[in-house]
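As the structure lists them, so they are numbered: ligands from 1, and atoms in each ligand from 1. Numbers here are sequence positions counted from 1. Note that the coordinates shown come from a computational prediction; the quantities given were computed from them, not determined experimentally.
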Amino acid sequence: MLSNLKIQRVAESRLGSVDFDRLGFGDVYSDHMFSMRYDDGRWHSPEVLPFGPISLPPASATLHYGQSVFEGLKGFMGVDGVVRVFRPDRNAERLRHSCERMCIPAVDEEVFFRAIDELVRLDHGWIPRKRGQAFYIRPLIVATEPQLEVRPARSYRFLVMTAPVRAYFDTASAAVALSVEERFTRASPGGTGETKTAGNYGASLYPGQSANAAGYAQVLWLDGVEHRYVEEVGAMNIFFRFRDRVVTPALRGTILRGVTRDSVITLLRDRGLEVEEGLVAIDEVIDAIGNGELVEAFGAGTAAIIAPVGKIAYRGKEWVINGNATGELTRELYDTITGIQLGEIEDRHGWNRLIPVEDGEQAQRLRASG
Ligand code: COI
C-alpha cells in the first residue's frame with residue numbers, strides 16, 4: 001500500500017523559530033503534512049509535502065454543507081528515544097465510523113498508520129519534551145467537489161497535519177470550571193453527536209462563548225431530549241467519582257467515543273474499581289456534591305488528557321468539588337496515562353504504536369540535558 005508515496009521535503013525547517021516553552025494548541029505546525037485525494041471512486045496521489053495552505057473550490061461541499069470529519073491523536077518522545085503514538089488503531093476505527101455517518105469514503109487503517117509514521121520520521125524533532133506537551137496529530141477529510149446540491153460529494157482530500165502542543169487546559173494553575181447548559185444542546189438521538197465532524201463543534205461555539213464570558217472554561221452538556229442527563233464537555237468526556245465508584249455517561253450515540261475515556265475505564269477496572277457507564281442525572285451530581293458523596297470529577301480527552309473539574313455552575317449557583325483541587329484518583333490517572341505514553345510505565349494493554357526514529361536517543365539526551 002502506498003508504494004507510490006511521493007515525499008517532498010521542506011527546503012528549510014521552521015523548527016528553530018518555535019518557542020517550546022510557550023506552546024499553544026494548534027498555533028504552530030510541523031514542517032510536513034500528508035495529503036491524498038479521492039476522485040472517480042478511489043483514493044490516489046498520496047504525498048508528504050511541506051505544510052502550507054491548500055486550495056479549494058469556493059463551492060466545495062465541505063465549506064457549504066459541512067461534509068468533513070477529523071481526528072485527534074498524540075505522539076510522544078519516549079524516555080528511550082522511541083516515539084510512541086497512543087492508540088492510533090482506535091482513532092482509525094473512529095474515523096471510519098465518522099466517514100460512514102457523513103457519507104465520506106473511508107481511508108484504510110494501513111494508510112492512516114503510514115501517514116503518521118512518515119510524518120513522525122520526518123518531523124520527530126518537533127516532538128516536545130515536557131510532560132503534558134505532545135506531538136498532536138490531526139487527520140482531516142474534506143469534501144472538495146464543487147457542487148451545490150445537498151448530496152455526498154464525489155471528490156475529497158485527506159490531510160494529516162501535526163503540531164507540537166501544550167495540554168488543552170492549563171490545569172497546573174487551576175481545575176476546570178464548567179457551566180451546565182440547559183437551553184442549548186450539543187446533540188440529539190439520531191444526530192451526529194458521536195461523529196467527529198465539524199458541525200458539532202461549530203454548533204457549540206455560541207453557548208461556549210457565553211460560558212466563557214461568565215468565567216467558565218467549557219459547557220457541561222445535557223441530553224437533547226429532557227435536559228436532565230449529563231453528556232460530555234465537548235473537548236472531553238466526563239467522569240464523576242462517588243466515593244468508591246466512578247460513573248461516566250454511557251455511549252448512546254450522542255457523545256464522542258473517547259479514546260482516553262476508554263483508557264480510563266480500562267485502567268480503573270484494572271485497579272479493581274467499580275466503573276458504571278450509565279445515565280447520570282445532573283440533579284444526582286449536584287446533590288452528591290452538596291452531601292459530600294461526590295469526591296472528584298474529571299474530564300478525559302486526547303487534547304485535555306485528564307483534567308480535574310473543580311467547579312460546576314448550575315441554575316445560578318456554583319458548586320465546588322474537592323475544594324477546587326486535583327483529586328487523588330485524577331492525579332493517579334494523569335500520571336499513569338502520561339507514564340504509559342512516555343514509556344515510563346509498562347504498556348500492559350499494547351496501546352502504544354512504537355515508531356523508532358533515527359536519532360531518537362540522541363534527541364532525547366539533548367532534551368534531557370537542555
Ligand atoms: C481531541 O481531544 O483531540 C479533540 O479533538 C478535541 C478538540 C476539539 C480540541
Would you confirm whether Glu71, through its side chain, and Pro139, through its main-chain N or O, come within 3.5 Å as a donor-acceptor pair? no

Starting from [atom], which protein heavy atom do you reach first, and at what distance in Å?
| atom | value |
| --- | --- |
| atom 1 (C) of ligand 1 | Tyr136 OH, 3.4 Å |
| atom 9 (C) of ligand 1 | Tyr168 CE1, 3.5 Å |
| atom 6 (C) of ligand 1 | Lys196 NZ, 3.9 Å |
| atom 8 (C) of ligand 1 | Tyr201 CE2, 3.5 Å |

Identify which one of Ile116, Val83, Ile127 satisfies the side chain to side chain contact (heavy atoms under 4.5 Å, CB included) criterion when paired with Phe135. Ile127

The option among Ala303, Ala235, Gly301 carrying the non-hydrogen atom nearest to atom 2 (O) of ligand 1 is Ala303

Under the salt bridge (Lys or Arg N to Asp or Glu O under 4.0 Å) rule, what do Glu296 and Arg331 come out as? Steps first, then yes or no, please. CA-CA 11 Å; Glu296 279 182 63; Arg331 163 69 52 205; over 6 Å; no

May I ask you to check whether Ser35 and Arg157 show a side-chain donor-acceptor distance below 3.5 Å? yes

Criterion salt bridge (Lys or Arg N to Asp or Glu O under 4.0 Å) on Asp283 and Arg228, from CA distance to verdict: CA-CA 8 Å; Asp283 289 339; Arg228 188 170 160 209; 5.6 Å; no

Would you kindly specify which portion of Arg138 sits under 4.0 Å from ligand 1, judged on non-hydrogen atoms: side chain, backbone, both or neither? side chain

Within the 4.0 Å heavy-atom shell around Phe70, which atoms of ligand 1 are there? 5 (O)

Are Asp262 and Arg87 within salt-bridge range, i.e. N to O under 4.0 Å? yes

Mind checking whether Glu71 has a heavy atom under 4.0 Å from ligand 1? no

